[in-house]
Amino acid sequence: MITTSKFLDGLNVAQKQAVLHKEGPLLIVAGAGAGKTKTITHRIAQLIENGVPARSILAVTFTNKAAGEMRERVGRLLAGHRGAPPLITTFHSLGVRLLREFHEIAGIPRGFSIWDQDDSTRAVKNILKQLGTEEWAPRQILSAISREKGAGKSVREYRERAGNSREQTVALVWERYEKMLTDEGSLDFDDLLVRTLALMRESPETLSLLQNRWHYLTVDEYQDTSGVQYEMMRLLCGKKNNICVVGDLDQCIYTWRQAEIKNLLSFEREFPKVTVVRLEQNYRSTRTILAAANAVIEKNVNRIPKTLFSENDTGEPITLYGAMNERDEAWFVMEQSAALIEHKVPAQEIAVLYRENAMSRVLEEAFLHAGMPYRVLGTRFFERKEVKDVLSYLRAALNPKSKSDLMRIVAVPPRGIGKVILEKMLRGEELGATGAKVKAFQTSLAKIRHAVNTLPASEAVRFCIEESGIQKMFQNNTEDGHERLGNVRELANLAAKYENDEPPSGIERLLEEAALQSEQDELDMNKENNGISLMTVHASKGLEFDAVFIVGLEQGLFPSLRNDADRDPEEERRLFYVALTRARKRLFLSYAAERSKYGTREGAMPSEFLSDIDERLTTSPHADSPEKEDIID
């Protein structure tokens with residue numbers, strides 16, 4: 001093995017140990033800001049320099065943003081390298097890739113549509129209406145179905161053990177929901193993993209082919225893997241056991257999305273010859289911020305012990321503010337943000353984090369009043385109505401069985417074709433006087449299908465916008481029409497990245513990107529918006545900013561005191577740790593003495609987490625900085 005390499009430059013001792021490891025299982029315990037991505041990408045480059053074919057390397061992570069960053073870094077490290085690059089992707093994109101490649105074996109159409117959260121929620125809502133059980137919330141029913149799917153359970157297994165009326169309703173809805181998916185040639189978010197795992201388990205030939213295709217696996221954010229994702233990776237690594245997992249139990253904040261903390265806790269037991277490397281040197285935050293984060297997280301029991309340290313400056317004290325109410329708190333955030341911007345901190349380097357989405361409203365009011373630029377993560381580009389309309393045209397062109405897409409687009413723009421006529425059309429019945437309208441719609445959809453199957457992706461999108469009538473519909477002088485037309489044209493710009501894909505693969509990948517987009521991917525798409533970022537702590541995972549505000553630090557709000565049966569009691573503390581470690585230089589913590597909840601004012605107590613932070617690390621606004629060197633060193 002090569003032990004001197006350009007890929008070792010700039011790495012610390014622990015990072016070099018991880019990069020030089022080649023054969024057998026490797027566990028990298030990577031603390032927040034400890035150079036995890038740099039270590040992963042340099043290790044991949046080092047493997048290739050040591051003679052491992054790039055095409056035999058698979059790296060999997062959770063967001064398009066993380067996968068894209070890894071691909072870019074590996075590409076720069078391997079500049080000039082010839083041949084196929086390693087496959088760096090997300091779990092769900094890997095599922096899409098394999099299910100399309102082996103669709104016949106998996107028993108699904110190659111051109112299957114991917115239902116996003118809105119599609120699934122709308123379907124469940126319609127089923128509940130048909131059953132006359134609209135008292136149940138669609139998202140709660142869907143959450144129950146998703147949880148069971150994520151655990152690898154089938155609807156038949158669930159129905160057999162359904163006891164109370166709620167479980168019986170879930171079973172009944174689930175059966176109809178699966179039938180809708182099958183009838184429309186579609187898969188939902190969970191199916192992309194569940195059906196991929198089933199493919200590996202039920203087709204030994206396919207599994208053997210994949211094990212021979214990829215000899216080295218890397219799994220990023222391993223603490224967030226579900227049981228299905230763990231089993232996929234276990235099967236893929238086969239007997240070689242050349243699997244590298246990277247994770248940090250202190251940042252496991254997705255147990256409500258079926259993340260299983262035991263996957264990381266038991267890795268050394270499952271792979272007894274594992275090499276363990278701890279990345280504990282933090283390159284992101286000041287020593288003050290790290291001292292606070294370490295004090296908070298060390299109270300958790302279910303963790304792999306580690307202590308982050310830094311050679312960065314001590315930095316500014318943490319500002320702690322006790323507000324009278326949420327409006328006072330919002331004005332504090334706005335005024336402090338204005339002061340930061342005045343001192344040359346870019347607005348895009350400021351983030352405000354909160355526990356619940358509803359908390360953004362009063363913050364937005366304060367920023368609007370001051371005329372300060374901001375952006376709220378949560379309203380995604382691909383969820384805008386006009387964008388979803390174009391995407392539905394493209395999905396219907398690829399998948400004529402997609403009834404939900406046809407029902408959406410038949411009235412965009414209005415054509416005088418109602419639901420009854422559409423149902424007759426789908427059944428192939430006589431249509432009478434409306435036959436000409438239906439034929440014109442079918443002809444238009446056929447032209448779009450031809451474009452999707454023959455033109456480069458961006459040209460196909462532009463053709464779709466024009467042929468569908470959407471362009472003409474928005475070509476008016478209103479500001480709203482101009483903005484909506486701009487949004488659908490932006491879709492053509494996004495499709496340009498898939499220009500070199502053989503049709504219809506480019507459009508398939510665009511639709512995949514739209515269905516699997518995360519909040520962080522949306523942040524990347526809006527780089528031109530240089531405003532202050534407002535987001536939940538969950539959405540901030542993997543991001544970092546020069547200055548971070550964490551608001552609403554009150555008992556019952558953060559930590560949340562909801563008594564969910566499946567809730568990990570240590571997760572709220574991990575969530576606060578993640579929030580703290582997003583900050584590079586400045587950190588502001590705030591709470592309110594009272595807050596409006598459901599229309600009434602309630603008194604509040606400061607969060608228990610605040611008492612874990614030594615008061616010598618904190619200061620009140622405008623107060624002198626206390627001495628704190630002795631508790632940081």
Side-chain angles (χ1 to χ4, degrees), residues 285-286 288-289 291-297 299 315-340 343 345 350-367 369-370 372 374 532 534-537 540 545 547-561 572-573 575-583 585-628 631:
S285 306
T286 66
T288 297
I289 293 169
N294 285 331
V296 166
I297 201 62
K299 286 196 171 183
E316 299 288 332
I318 298 166
T319 300
L320 177 61
Y321 182 65
M324 293 182 292
N325 53 44
E326 68 270 26
R327 290 188 179 278
D328 181 27
E329 181 182 55
W331 276 80
F332 161 75
V333 172
M334 178 270 289
E335 289 173 345
Q336 293 292 320
S337 297
L340 288 169
H343 286 83
V345 177
I350 303 173
V352 186
L353 311 184
Y354 35 79
R355 183 65 182 81
E356 299 177 358
N357 272 308
M359 296 174 68
S360 72
R361 182 187 61 81
V362 67
L363 292 161
E364 289 186 72
E365 287 177 1
F367 284 126
H369 184 273
M372 295 176 64
Y374 70 90
I532 296 163
L534 277 61
M535 69 188 83
T536 64
V537 181
S540 74
F545 302 87
V548 170
F549 293 82
I550 307 173
V551 301
L553 283 166
E554 297 134 35
Q555 203 65 9
L557 181 56
F558 198 0
S560 170
L561 299 183
E572 287 294 308
R573 187 173 290 277
L575 192 59
F576 186 47
Y577 173 80
V578 166
L580 293 171
T581 54
R582 299 311 93 200
K585 300 175 182 177
R586 296 297 307 273
L587 182 60
F588 301 80
L589 310 178
S590 62
Y591 60 91
E594 65 173 30
R595 191 175 294 271
S596 180
K597 295 180 181 178
Y598 308 110
T600 61
R601 291 224 149 265
E602 296 183 8
M605 294 292 292
S607 169
E608 64 186 76
F609 296 151
L610 294 175
S611 63
D612 297 329
I613 301 174
D614 193 300
E615 64 182 16
R616 289 172 291 179
L617 298 173
T618 66
T619 184
S620 298
H622 314 303
D624 292 332
S625 304
E627 278 297 325
K628 55 189 180 305
I631 57 167

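Starting from 1, each residue takes its place in the sequence as its number.
In this structure, the side chains of Leu320 and Glu615 stay at 4.5 Å or more apart for every pair of heavy atoms. Using a 4.5 Å heavy-atom threshold, the side chains of Thr319 and Leu589 count as separate. Taking the side chain as every heavy atom from C-beta outward, Val551 and Phe332 never approach each other to under 4.5 Å. A 4.5 Å side-chain heavy-atom check between Leu557 and Met359 finds at least one atom pair inside the cut-off.
Residues passing the ring pair (Phe, Tyr, Trp, His ring centres under 6.0 Å) test with Tyr591, sequence neighbours excluded: none. Among residues two or more places apart in sequence or in another chain, the side chain to side chain contact (heavy atoms under 4.5 Å, CB included) test is passed with Thr286 by Thr288, Ile289.
Scanning all heavy atoms of the two residues, the minimum distance from Leu587 to Ala583 falls at CD1-CB, 4.1 Å. Considering every non-hydrogen atom in both Leu617 and Ile613, the closest pair reads CD1-CG2, 4.1 Å. Residue Phe545 comes nearest to Met535 through the heavy atom pair CZ-CE, 3.7 Å, listed as atom of the first residue, atom of the second, then distance. When all heavy atoms are compared, the tightest approach of Ala604 to Ala592 is CB-O, 3.4 Å. In terms of heavy-atom proximity, Thr581 sits nearest to Ala293 at CG2-CB, 3.8 Å.
Interatomic distance, OG1 of Thr618 versus CG of Leu610, reported as 9.0 Å (0.5 Å rounding). Once rounded to the nearest 0.5 Å, the distance linking CG of Leu575 with CZ of Arg355 reads 5.5 Å. Put simply, CD on Glu329 and CG on Leu363 are 7.0 Å apart, with the number rounded to the nearest 0.5 Å. Between atom CD1 of residue Ile350 and atom CG of residue Leu534 there is a gap of 11.0 Å, rounded to the nearest 0.5 Å. Atoms CE and CD, from Met324 and Glu594 in turn, are 9.0 Å apart once rounded to the nearest 0.5 Å. The CZ atom of Phe558 lies 8.5 Å from the CG atom of Leu353; values are rounded to the nearest 0.5 Å.
Outside the 6.0 Å centre-distance limit, the rings of Phe588 and Tyr321 are not counted as a close aromatic pair.
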